[in-house]
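Worksheet for the structure shown next.
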Amino acid sequence: MTAPDPIPLARPEIGAREEQLALEVLRSGRLALGPMTQRFERAFAERVGAPDAVAVSSGTAALHLGVRAVGWGSGDRVITSPFSFVASANCLLYEGAEPVFCDVDPVTLNLDPAAVWDAIDDETAGLLPIDILGYPADLPAFERIAAEGDLGLLEDACEALGARDSEGRAVGSREHPATFAFYANKQLTTGEGGMLSVPTPELASRLRSERNQGRAPNMGWVDHERLGFNYRLSELQAALGVAQLERLEELLAARERAAELYRERLTALDGGAPAGEGPPEGLVLPCADRGRERRSWFIYAVRLPASADRDAVIADLAQRGVEAKAYMPCIHLLAHFRERFGHHEGEFPVAEDASERLLALPFFPAIVEAQVDRVCEALGEALGGDWL
Ligand SMILES: *Cc1c(COP(=O)(O)O)cnc(C)c1O
């Protein structure tokens with residue numbers, strides 16, 4: 001008997017439409033700064049309900065330009081989450097600003113507004129919340145805090161295309177810039193790529209100049225009116241983006257269906273419950289949507305029982321043909337943040353506990369029920385059913 005095929009952690013959904021539009025670009029002879037990028041930007045802005053959107057080469061590039069757009073620079077202290085992908089803090093360092101971390105909410109794992117209030121002092125220049133794991137951060141609360149303290153606001157929505165906040169607004173549609181990312185495991189992929197949703201035309205035109213070596217929109221190729229970067233997205237990547245955007249609803253629905261299958265199977269396991277609904281030291285599943293908030297499913301990550309050995313579980317799952325991955329280290333505990341800012345264990349207990357226990361399971365639009373069954377059975381066996 002041959003072993004069944006291993007189940008990968010992630011897999012992009014690329015079809016005939018992506019191929020067709022990519023081929024159109026190849027045959028057009030226009031590979032950069034052309035009509036496909038504009039088409040992608042317009043369609044994206046419309047989808048998220050923003051006045052404009054600017055395509056860039058990665059989510060990290062979007063964050064860097066976002067930091068510059070908000071105006072944070074040397075010595076500015078910006079409050080952000082330690083439970084995020086490293087780029088959301090690195091982007092501040094690029095401009096000489098300093099990330100000030102505070103702890104996250106144990107249910108949503110997003111920056112906790114109460115902790116943010118406590119962390120604000122005279123030196124605080126802004127807030128950089130992240131919609132982590134596709135769950136919308138409490139942007140209405142952060143807007144109130146920012147208005148009161150005259151603080152800048154940038155939202156890292158790189159994991160949350162399609163999410164809605166507590167006021168029912170699409171992530172990316174509020175009055176501050178938000179960043180998106182299109183790496184191969186995101187809800188929408190262009191291989192590599194990113195986007196900023198922007199509230200004003202003036203900001204959009206400045207960002208288009210900065211991503212393109214500081215060139216003015218209508219000036220000659222060699223005229224550079226400000227400091228710029230090469231953060232352009234290619235026409236080929238934009239073609240993938242246009243095709244993916246056309247079927248975004250279908251891709252998001254497929255992810256939601258997969259998440260629901262996981263929830264059903266895993267709540268049947270001993271002690272399995274969504275965050276906030278079961279014992280915090282048990283098997284903690286992603287939280288259910290609260291009020292008008294809507295998660296956009298990015299990955300499916302569970303917090304293993306506190307007593308489990310995560311490395312052993314990952315190795316056990318691998319033996320059973322299931323790819324799983326620890327997700328993700330706290331930013332303040334990464335070597336260069338420890339060395340530079342003197343961070344250490346114990347500063348942000350909620351974020352650190354989540355980071356030590358989270359395990360990402362195979363999750364992609366085309367995953368089938370039988371695969372989810374196999375993953376959940378394997379997880380149950382790897383955990384041995386004796387953790388509570
Ligand atoms: C994916 C991601 C980014 C940006 O990623 P790139 O690989 O640069 O496109 C930024 N922040 C978060 C939270 C992410 O998940």
Side-chain angles (χ1 to χ4, degrees), residues 9-10 12 40 44 53-70 78-95 97 99 101 104-105 108-111 127-139 142 153-163 171-172 176-197 207 211 229-234 237-238 240-241 244 251-252 255 286 295-301 325-332 334 337 351 354-355 358 360 363-364:
L9 199 55
F40 184 31
F44 191 92
V54 176
V56 291
S57 53
S58 71
T60 305
L63 282 164
H64 184 190
L65 295 189
V67 166
R68 293 173 57 83
V70 179
V78 177
I79 298 178
T80 188
S81 171
F83 183 66
S84 176
F85 182 62
V86 66
S88 63
N90 279 348
C91 64
L92 295 165
L93 303 183
Y94 300 157
E95 291 295 316
F101 298 112
V104 298
D105 179 280
T108 66
L109 302 180
N110 275 325
L111 206 50
L127 311 178
L128 201 172
I130 297 108
D131 305 303
I132 204 68
L133 306 180
Y135 199 85
D138 192 349
L139 264 302
F142 294 126
L153 188 55
L154 174 65
E155 180 179 0
D156 180 345
C158 288
E159 300 189 352
L161 174 59
V171 159
H176 54 262
T179 63
F180 295 86
F182 309 132
Y183 182 69
N185 69 340
K186 309 274 172 168
Q187 289 92 331
L188 179 159
T189 186
T190 59
E192 298 278 4
M195 188 80 80
L196 288 120
S197 60
L207 292 168
R211 77 167 170 202
F229 306 86
N230 180 354
Y231 283 166
R232 297 184 301 258
L233 190 76
S234 77
Q237 292 166 311
L240 298 184
Q244 293 257 294
L251 294 172
L252 294 178
R255 284 179 180 269
R295 185 196 298 269
S296 170
W297 287 93
F298 166 49
I299 61 172
Y300 196 90
K325 202 169 169 187
Y327 194 90
M328 60 202 156
C330 277
I331 299 175
H332 67 289
L334 298 173
F337 285 89
S355 159
L358 273 167
F363 190 68
F364 43 90

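Counting convention: from 1, in listed order, for ligands and their atoms alike.
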> Measuring from L133:CG to W297:CH2, what's the distance to the nearest 0.5 Å?
Replying inline: 9.0 Å
> What do you reckon, are the aromatic ring centroids of F182 and F40 less than 6.0 Å apart?
Replying inline: yes
> Are more than 12 heavy atoms from other residues, nucleotides or ligands located less than 6.0 Å from atom OH of Y327?
Replying inline: yes
> Just wondering, do Y94 and L63 contact through their side chains at under 4.5 Å, heavy atoms?
Replying inline: no
Could you pull out every N or O of ligand 1 that sits under 3.5 Å from a protein N or O, with the distance for each pair?
from: ligand 1; atom 1: 8 (O); to: G59; atom 2: N; distance (Å): 3.4
from: ligand 1; atom 1: 8 (O); to: T60; atom 2: N; distance (Å): 2.9
from: ligand 1; atom 1: 8 (O); to: T60; atom 2: OG1; distance (Å): 2.5
from: ligand 1; atom 1: 9 (O); to: G59; atom 2: N; distance (Å): 2.8
from: ligand 1; atom 1: 11 (N); to: D156; atom 2: OD2; distance (Å): 2.8
from: ligand 1; atom 1: 15 (O); to: E159; atom 2: OE2; distance (Å): 2.6
from: ligand 1; atom 1: 15 (O); to: K186; atom 2: NZ; distance (Å): 2.8

> Mind checking whether Y231 and H64 have parallel, tilted or perpendicular rings, split at 30° and 60°?
Replying inline: perpendicular
> Do L65 and F229 have side chains that get closer than 4.5 Å, going by heavy atoms?
Replying inline: yes
